[in-house]
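For clarity, every value in this text was computed on a predicted model and none was experimentally measured. Lettering follows sequence order; numbering is per chain, from 1.
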Amino acid sequence: MKIIRETPYIWKIEKFGNMKVDAIVFTNSETIYSQEYHEAIQQLINVASLPGIVKAAYAMPDIHWGYGFPIGGVAAFDTDNGIISPGGVGFDINCGVRVMTTSLSYSEIKKYIDKLIKEIYNNIPVGVGSRTNFKFSVKEMKNIIENGAYWAINSNYGISEDLNNIEDRGKIKYTDFNTMSKEAIKRGSNELGTLGSGNHFIEIQKVGKIYNLEIAEKWGLFENQIVYTIHSGSRGLGHQIATDYIKILRDNLKEWNKKIPDKQLINAPFNSQYGQNYFLAMNGAANFAFANRQIMGHKIRKIFKEIFGTDVKLLYDITHNIAKLEEHIIDGKKKKLIIHRKGATRAFKNQPVLIPGDMGTSSYVLIGTEKSESLAFGSSAHGAGRVLGRRQAKRKLNSKDILTELKNKNIRIIAKSKGTIVEEAPEVYKNIDDVIEIIEKTGISKKIAKLIPIGVVKG
DNA sequence: ATGTAC
């Protein structure tokens with residue numbers, strides 16, 4: 001294997017063996033050869049061998065090991081002779097991030113942080129198996145699946161201008177309710193507007209440093225401003241769709257998948273019936289997730305209105321686990337591709353890019369660039385990236401120490417489970433500042449503002 | 001991530 005340093009932050013693994021294209025890794029010289037990158041890079045090499053992959057397999061600086069495809073990976077496939085793979089999307093279909101902005105400064109709400117996070121915790125179901133106390137009918141579920149955030153706004157969870165600030169306006173048109181199992185629909189029927197567990201969170205944050213005043217102003221951001229971030233996805237519904245289609249492809253496309261280097265890379269030709277059915281079902285789950293974040297975002301907006309009498313705007317809502325049908329220029333010609341972004345954020349030119357760090361450090365708002373479009377199909381990182389596995393975290397850390405650490409930093413927290421506090425402790429993540437620095441240096445997005453956590457709600 | 005296991 002030959003790793004070539006293209007620039008100080010871009011590394012190329014020249015294609016060898018069964019690879020159809022090169023692999024490109026965005027990172028620094030300290031991590032490229034590190035043990036923690038090793039498995040993920042092997043997975044990236046496997047991805048580069050899949051049929052119809054175009055240009056290269058890409059890895060963002062926060063890559064780590066995932067199901068088949070690495071988390072933090074981007075892979076584009078030709079729609080005529082390429083594939084679509086559930087492992088290239090992930091189990092939490094349309095896991096994503098939304099940032100909402102208030103007109104309040106930190107000093108105005110300082111005394112109310114405990115009250116705020118308590119209100120949020122009491123109004124939004126959080127944690128493993130979090131459910132609403134009612135169920136949507138199958139007919140209403142069809143409406144939700146087909147219309148996503150558009151459905152939510154029509155159901156009084158939001159204002160129409162919210163749609164302008166959601167990726168794909170919160171509604172992907174390529175979907176078909178009939179491609180989704182009864183089980184998936186049943187699981188989703190009492191999960192809409194719930195946070196979930198693991199790395200999902202709601203944070204009240206204050207705007208720290210502003211890096212680009214002009215854009216920040218345009219986006220309604222100012223120093224010491226109170227904003228909030230929601231990180232969640234499609235809950236059990238999306239998980240069920242992923243599980244269903246991995247099995248369907250395994251049972252029905254044995255011959256087609258005979259040569260894959262890892263059984264977790266199970267896939268279907270994009271233009272086949274199986275490939276199309278997964279695509280349509282996955283998009284249904286994505287629409288469910290858009291509605292999910294829209295509801296939670298609006299509920300918190302109402303809490304702010306009740307306590308402070310202030311209005312809240314949506315800065316942006318973006319997904320980082322999805323396969324999208326997009327047009328990109330390949331060899332000077334426009335081409336339709338199916339872009340898998342798994343733990344990678346879309347970062348088209350001038351678009352807000354939201355990258356959460358960990359609950360003890362910070363998160364960032366960035367802007368997409370032309371360079372991202374030319375270098376990585378318009379993609380950027382999605383988070384800090386784990387350095388400790390969940391089990392390792394539980395062995396090494398205890399919740400009491402983490403709570404003390406957060407208290408010392410003046411960060412309030414309500415969490416349903418002590419286990420989650422440990423599994424999601426600041427120590428289990430890479431330093432977000434390092435990830436952001438690499439992104440800046442490569443130019444795949446540019447910093448706009450830093451967000452500092454002050455109140456955290458966890459599952 | 002996940003009714004953390006079929």
Measuring centre to centre across the rings, with the benzene-like ring taken for any Trp, is A:Phe26 within less than 6.0 Å of A:Tyr9? no
Please confirm whether A:Phe91 and A:Tyr67 have ring centers closer than 6.0 angstrom. yes
What nucleic acid atoms does A:Gly198 come within less than 4.0 Å of, heavy atoms only: base, sugar-phosphate, or nothing? sugar-phosphate
Residues in side-chain hydrogen bond (donor to acceptor under 3.5 Å, both in side chains) with A:Trp11, at least two apart? none
Find out whether the Lys NZ or Arg CZ of A:Arg386 is both under 6.0 angstrom from the six-membered ring centre of A:Tyr429 and within 45° of the ring's axis. yes
Once you round it to whole Å, what is the distance between P of B:dT2 and CZ of A:Arg235? 5 Å
N/O contacts under 3.5 Å, protein versus nucleotides 4-6 of chain B?
none

Can you pull out every salt bridge (charged side-chain N to carboxylate O under 4.0 Å, His left out) where at least one residue sits in residues 181-190 of chain A? Sequence neighbours excluded, please. A:Glu183-A:Lys186
